[in-house]
Amino acid sequence: MTSRKPLEPGDLYRITLVSNPRVAPSGEEVAFVATRPSREEYSSAIWLTDGDKFKPVTGGPKDTCPVWSHDSTMISFVRTSKDGGSKIMILSSEGGEPWVLAEFKQPISQSTWSPNGEFIAVVSRHVGEDWKKYDEREVLLIDTIPPWFNGAGWIFDRPSSVYLVSYPSGGVTRISPDGVNAAHPTWSPTGRYLAYARYPSMKEPYKGEIVIYDIETGAEKVLVKDMSISGLAWSPTEDIIAVRGHFFEKGLVTHHKIYFLNVDTGEMECATCALDLNTINTVNSDVRGPSCVNGLAWDKNGWLYFHVHEAGKVHVYRVKPGGEPLPYLNAGNGVIDEFDVNGEDAVIAYTYMTPTIPKELYLYRGGEPVRVTDFNDWIERERSLSEPMHNIVEGSNGSLDLWILPPEGERDCAKCVPWVLYVHGGPKTSFGGGFMFEFHVLSAAGFAVVYGNPHGSDGYSEEFADIRGKYGTIDYDDIILFANVAPSLYDKLDPERVAIAGGSYGGWMVNYAITRTRIFKAAITMRSCSNWTSFWGASDIGWYFAGDHVGGTPWENPEGYLRISPLFHADKIETPTLIIHGLQDYRCPLDQALTLYTALKVRGVDSRLALFPGENHDLSRTGTPRRRIKRLEIEVEWLKEKLGGSAGK
């Protein structure tokens, strides 16, 4: 029998990313997407399963977003080309070659087939007939904000729009207004109406309105305004639309709740307001594939199914109009990442992961869940992964979840293990039941990984998540608590050999922490913010995110912006620091990394800058596979250099 080996960065090439489950209306089959990384790209194909065997039905390499016709005889899917264009493809459920229904110049992010089979509603960025790529233009004339968006590039003249694609003719009609972003189309049961969300203000792009469009007359009606909208689903009856979103009761950190919108009266019933948990999945994982699944689904008996995020775990609940939300499918210590429901039989297809098992496809028919796919079983057979240890720690502001992932293999000495305190991004995301490939790579290299959910994290109450105006206070106290308490929870941790690492908000926390303390012997800051004033103006979300989280504008609140900008406290930094950044990061733009790096070099602080061409804010999750692997190798090299190796194995 072959002994199992530690996980290696190159094992990323072997992981299959399972995503986008869609149950046929007949309940007999499930379509899903399987994605495999190669050196330069990810290859995705559509697969089918009957609950027993599973097989590919398209050849890829960029096939995503399968959607069933309502008679279960056809599947539409999106095929994306290397130039960024995309096609709506049609495949018979009986097999054969798919054919092109319609072509778009931009990627398609959402699609849904009308109940009568006459249309497919599509979301894609709109471009004019004379649109050119940006390097083909003499000048970019811009009169909107933001000019760019992370992962999408320069989008000032490419709003996300809702289109109707006629079947089988393939005719394309845009129904959302020019210059206005739109998303989340959902059909009425008869196919006469299409509801969607649109966002009319470029100054406040997070505020949406719900529009009902009459397919026959072209008339439209606005039912709701000034709402954050993350999902819509029309009920089997004509009178109710399920809405996931909020009304900014606690600004941008407000939980997304489930509302029932009466189509006739416009009245809204909040079904989850008493729950005080978020209904979107924000648990961190770096092994997710492409998905267009909505996360809201009805069955024929009037139950609406939705996610509930609880302390790093994501379950499925259900609720009826006028009723109380009830747990339906428990995730245990893992994450039900995506799901879809067959309306007739309430068959649920879902993807599920744990901290030691990447996502696979499961089916639930009201009895015991059945695992369908086994793409990643090779990990259990061939690789040795440590199990994270969960702890509840008590801070001055209440209980907190903390995990310790030991290094792979046994250690027979005390205080011999170097370790990394890792801070998640967001801040309103969480660690917990998600599989983190990066953590297992660090563990395999001999480092323990300590990670937790400080104040500001998701999965708890709105009050817990609300650190607006408090950055660097209650959240920083929690991070330092984690650093101080971890060696008492796992006595093999060497309290003198600890690093701090994090990305996005977590990267900002790294930058901030090393201006305040010298307990960390090394730091790794990734896709981070160091100057909130320049972030306000240059980030794709800066002016409204910073306005909400810091408070006001830089000229209205200069003290607030300066207080939490590590660049202006760089004279206090002595910690050796590795800075990792993507050159096309428009969420935390490149200047955030360059100015901090320059400040450290001018001061003589041991520092290194790793810049990744062609990569954006999501390098660690969806970046080019070879660059993701290189990033991990650079991290491990830095930690070994600054903390030394692990003893006592």
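One finds a salt bridge joining Glu360 and Arg371 here, because a Lys/Arg side-chain nitrogen approaches an Asp/Glu carboxylate oxygen to under 4.0 Å. Under a 4.0 Å N-O distance rule, the pair Arg468/Asp466 qualifies as a salt bridge. A salt bridge is absent between Arg4 and Glu382: the closest approach of a Lys/Arg side-chain nitrogen to an acidic carboxylate oxygen does not fall below 4.0 angstrom. Under the 4.0 Å criterion applied to side-chain N and carboxylate O atoms, Lys470 and Asp477 are not assigned as salt-bridge partners. In summary, Lys415 and Asp494 do not engage in a salt bridge, as defined by a charged side-chain N under 4.0 Å from a carboxylate O.
Relative orientation of the His246 and Phe248 rings is perpendicular, given thresholds of 30° and 60° on the angle between their planes. Using cut-offs of 30° and 60° on the angle between ring planes, the pair Trp403 and Tyr451 is parallel. Ring planes of His424 and Tyr505: tilted class, angle from 30 to 60°.
Contacts of Tyr586 classified as side-chain hydrogen bond (donor to acceptor under 3.5 Å, both in side chains), with partners at least two apart in sequence or in another chain: none. Residues meeting the ring pair (Phe, Tyr, Trp, His ring centres under 6.0 Å) test with Tyr305, sequence neighbours left out: Tyr328.
Contacts classified as ring pair (Phe, Tyr, Trp, His ring centres under 6.0 Å) and involving residues 510-530 (residues at least two apart or in different chains) are given here: Tyr476-Tyr512, Trp508-Tyr512.
Checked against the 6.0 Å centroid criterion, the rings of Tyr350 and Tyr362 qualify as a close aromatic pair.
Leu481 and Glu394 make their closest contact through CD2-O, 3.9 Å (heavy atoms, listed as atom of the first residue, atom of the second, distance).
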